[in-house]
Amino acid sequence: MDPPRRTRVHCGPKPARTDGARCRARQGGCELGLLGSSSPVNPSGLDVLHVEDQPFVVVAAPGGAIEDDVTVRPEELAGQKLIASRTGSLMRTIVDDITAGGTGTEIVTIVDHRTSILPLVLTGVGVAVLPSSWTRLARRCGAVVAPIEPTAHLHVAMVSLPAHLTPAARAFLTLTKSLAQRRVRGP
């Protein structure tokens, strides 16, 4: 007897700005797009699942001026060295607003992808502004995490075409809906 035939599933994370992710989903370049933006998205021709809103936090190496779980105001970051993403992201906008305050805060490293930031923070290169979804991992790695007030929120959503999802994509969307519902209800 032949083994059961399995549908091939390809998960290809491709960083893209919000417009790029919407365009790929709309044109059939992907079945599902996960995107974060500075405001809720509602693109025509796509189904949108609001997943969650993530406030931004400051992540720093332990033993410095930033204390874990103690709210920080942007002006309190005076003199800090910041690790930033490239221009165009909401994270970078927040960092640019902090450095524009003229408090001696400076960007010391610019990274192409967020996955590079935590190791740089932990080795003392500087502090970073990240979405709160990084809190758990950062703390498990030994970093301190402090809320920023006031802060923007990253609006996370999943987009898809209204029809023609493969069984695997439908299953992933169902799991994401379940996660989104739990986020609304709380732990």
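Using a 4.5 Å heavy-atom cutoff, the side chains of Val156 and Leu35 are not in contact. Counting only heavy atoms from C-beta outward, the side chains of Val144 and Val59 never approach each other to under 4.5 Å. A heavy-atom distance below 4.5 Å is not found between the side chains of Pro131 and Pro55. With a 4.5 Å cut-off on side-chain heavy atoms, Val48 and Pro43 count as touching.
Summarising the local packing, CZ of Phe172 is surrounded by 12 or fewer heavy atoms from other residues, nucleotides or ligands at distances under 6.0 Å. Within a 6.0 Å radius of CD in Glu67, no more than 12 heavy atoms belonging to other residues, nucleotides or ligands are found.
Rounded to the nearest 0.5 Å, atoms OG (Ser160) and CG (Asp47) are 4.5 Å apart. For the atom pair Gln181 CD and Leu49 CG, the distance stands at 8.5 Å (nearest 0.5 Å). Atom OG in Ser37 sits 8.5 Å away from atom CG in Leu90 (nearest 0.5 Å). Here CE of Met158 is found 5.0 Å from CG of Leu32. Values are rounded to the nearest 0.5 Å. Annotation: the span from Arg73 atom CZ to Glu149 atom CD amounts to 8.0 Å, rounded to 0.5 Å. For the atom pair OG1 (Thr109) and CD1 (Ile117), the distance works out to 10.0 Å, reported to the nearest 0.5 Å.
Listed for the His113 side chain is a donor-acceptor partner under 3.5 Å among the backbone atoms of Thr115. The main-chain N or O of Ser89 is found under 3.5 Å from a side-chain atom of Thr93 such that the two form a donor-acceptor pair. Within the 3.5 Å criterion, the main-chain N or O of Thr166 finds a donor-acceptor partner in the side chain of Glu31. In this structure a side-chain-to-backbone donor-acceptor pair under 3.5 Å is missing from Thr99 to Thr105. Counting only distance, with no hydrogens or angles, the side chain of Arg170 and the backbone of Leu165 share a donor-acceptor pair below 3.5 Å.
Between Ala143 and Pro62, the shortest heavy-atom contact is CA-CD, 4.3 Å. Residues Phe56 and Met91 approach most closely at CE2-CG, 3.3 Å, considering heavy atoms.
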ask   = Going through the checks in order, is the side-chain contact (heavy atoms from CB on, under 4.5 Å) test met by Leu154 and Asp53?
value = CA-CA 6 Å; Leu154 184 67; Asp53 293 335; over 6 Å; no

inquiry  = Run the salt bridge (charged side-chain N to carboxylate O under 4.0 Å, His left out) test on Arg139 and Asp69 for me, step by step, so that the C-alpha distance in whole Å, both residues' side-chain angles and the decisive distance to 0.1 Å come before the verdict.
reply    = CA-CA 10 Å; Arg139 284 187 175 138; Asp69 214 24; 3.7 Å; yes

message = Show, in sequence, the C-alpha distance, side-chain angles and deciding distance for Val145 and Asp68, and conclude whether the side-chain contact (heavy atoms from CB on, under 4.5 Å) test is met.
response = CA-CA 5 Å; Val145 180; Asp68 193 58; 4.0 Å; yes

message = Under the criterion side-chain contact (heavy atoms from CB on, under 4.5 Å), I'd like the reasoning laid out for Ile66 against Leu77: C-alpha separation, chi angles, the key distance, then a yes or no.
response = CA-CA 9 Å; Ile66 296 169; Leu77 296 173; 3.8 Å; yes

key: side-chain contact (heavy atoms from CB on, under 4.5 Å) between Cys141 and Leu137, worked out   = CA-CA 6 Å; Cys141 291; Leu137 176 61; 3.9 Å; yes

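A donor-acceptor pair shorter than 3.5 Å can be found between the side chains of Gln54 and Ser133.
Results of the side-chain contact (heavy atoms from CB on, under 4.5 Å) test with Leu82 over Ile98, Ile110, Val108 single out Ile98 as the only residue that passes. Checked against Ile83 for a side-chain contact (heavy atoms from CB on, under 4.5 Å), the options Val127, Ile107, Val95, Val121 give a single hit: Val121.
Linking Ile, Leu, Val, Met, Phe, Trp and Tyr residues whenever their side-chain heavy atoms come within less than 4.5 Å leaves Val70 and Trp134 in two separate clusters.
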